[in-house]
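What follows is one structure encoded as C-alpha cells, with my remarks underneath.
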Amino acid sequence: MSEADDSAFQRGAGTNPSPLSQPALPSRSVVAFNRRELDTILRLYGLMVADGEWRDYAIDLLNDRAVFSVFRRSSEMPLYRIEKDPKLARKQGAYSVVAPGGMIMKRGHDLAQVLRVLEKKKHLRVVDA
C-alpha cells in the first residue's frame with residue numbers, strides 16, 4: 001500500500017463521516033456511586049482533609065465495580081480504596097475498604113458503617129503526666 005492509500009484508509013476512504021451513518025455502539029454498563037453514597041464518602045473525605053491526613057482522591061468507574069481512591073499525595077499509591085461491587089451485594093456486602101497492600105479492612109452492606117473503620121479514634125487523647 002502506498003502512503004496515499006494508507007492515509008485514505010485511515011480517514012475512512014471516502015465514507016460519510018456523519019454520526020447518522022455510524023453504527024450504534026453497544027451501551028456499556030458501568031457501576032457508579034449514587035448521590036447519597038458520594039455524599040457519605042465526601043463528608044468523610046472533607047473531615048480527613050481538614051485534619052491534614054488526606055490530600056487527593058480519584059474515582060474510577062469500571063464495568064464490575066466503582067472505586068474511590070484516597071491519596072496522601074497524588075504521586076503515591078492510594079492510602080485506601082473504597083469499593084462498590086454490586087455482585088457481592090447479597091453475599092458479603094457491596095461496599096469495602098481496602099488497605100494499600102490489598103487487605104480488606106471492612107466489608108458490609110451499609111456504606112456509613114463500613115467507612116467507620118477510617119474515622120479517627122476520638123476517645124484516645126494524649127494527656128500530660
*Does any pair with a residue in residues 57-70 pass salt bridge (charged side-chain N to carboxylate O under 4.0 Å, His left out), and if so which ones, sequence neighbours excluded?*
Arg65-Glu83
*Atom of Pro78, atom of Phe71 and distance for their closest heavy-atom approach*: N-CE2, 3.4 Å
Kindly list each side-chain donor-acceptor pair under 3.5 angstrom involving residues 86-97, sequence neighbours excluded, with atom names and distances?
{"unit_1": "Gln92", "atom_1": "OE1", "unit_2": "Arg107", "atom_2": "NH1", "d": "2.4"}
{"unit_1": "Tyr95", "atom_1": "OH", "unit_2": "Glu37", "atom_2": "OE2", "d": "2.3"}

*Which ILVMFWY residues can you reach from Met77 by hopping between side chains whose heavy atoms are under 4.5 Å apart?*
none
*Got a sec, which residues hit side chain to side chain contact (heavy atoms under 4.5 Å, CB included) with Glu53, two or more places apart in sequence or on another chain?*
Met48, Asp51, Arg72, Lys120
_Working note: Leu61 + Val67, criterion side chain to side chain contact (heavy atoms under 4.5 Å, CB included); need CA distance, chi angles, decisive distance, verdict._
CA-CA 7 Å; Leu61 306 177; Val67 181; over 6 Å; no
*Leu44 side, atom CG; Leu118 side, atom CG - distance, nearest 0.5 Å*: 6.0 Å
_Those residues that, when tested against Phe33, pass ring-ring contact (aromatic ring centres under 6.0 Å, His included) (two or more places apart)_ = none
*Only counting residues at least two apart or in another chain, list the ones meeting ring-ring contact (aromatic ring centres under 6.0 Å, His included) with Tyr57.*
Tyr45, Phe68
_Nonpolar side-chain network containing Val98, other nodes, edges under 4.5 Å_ = Ile104
*Contacts of type side chain to side chain donor-acceptor pair (under 3.5 Å), residue Asp39, not counting sequence neighbours*: Arg43
*Report the C-alpha distance between Val31 and Leu62 in whole Å, list the side-chain angles of each, state the deciding distance to 0.1 Å, and finish with yes or no for side chain to side chain contact (heavy atoms under 4.5 Å, CB included).*
CA-CA 6 Å; Val31 177; Leu62 307 171; over 6 Å; no
_Please determine whether side chain to side chain contact (heavy atoms under 4.5 Å, CB included) holds for the pair Val114 and Ile82, giving the CA-CA distance in whole Å, both sets of side-chain angles, and the decisive distance to 0.1 Å._
CA-CA 9 Å; Val114 170; Ile82 302 164; over 6 Å; no
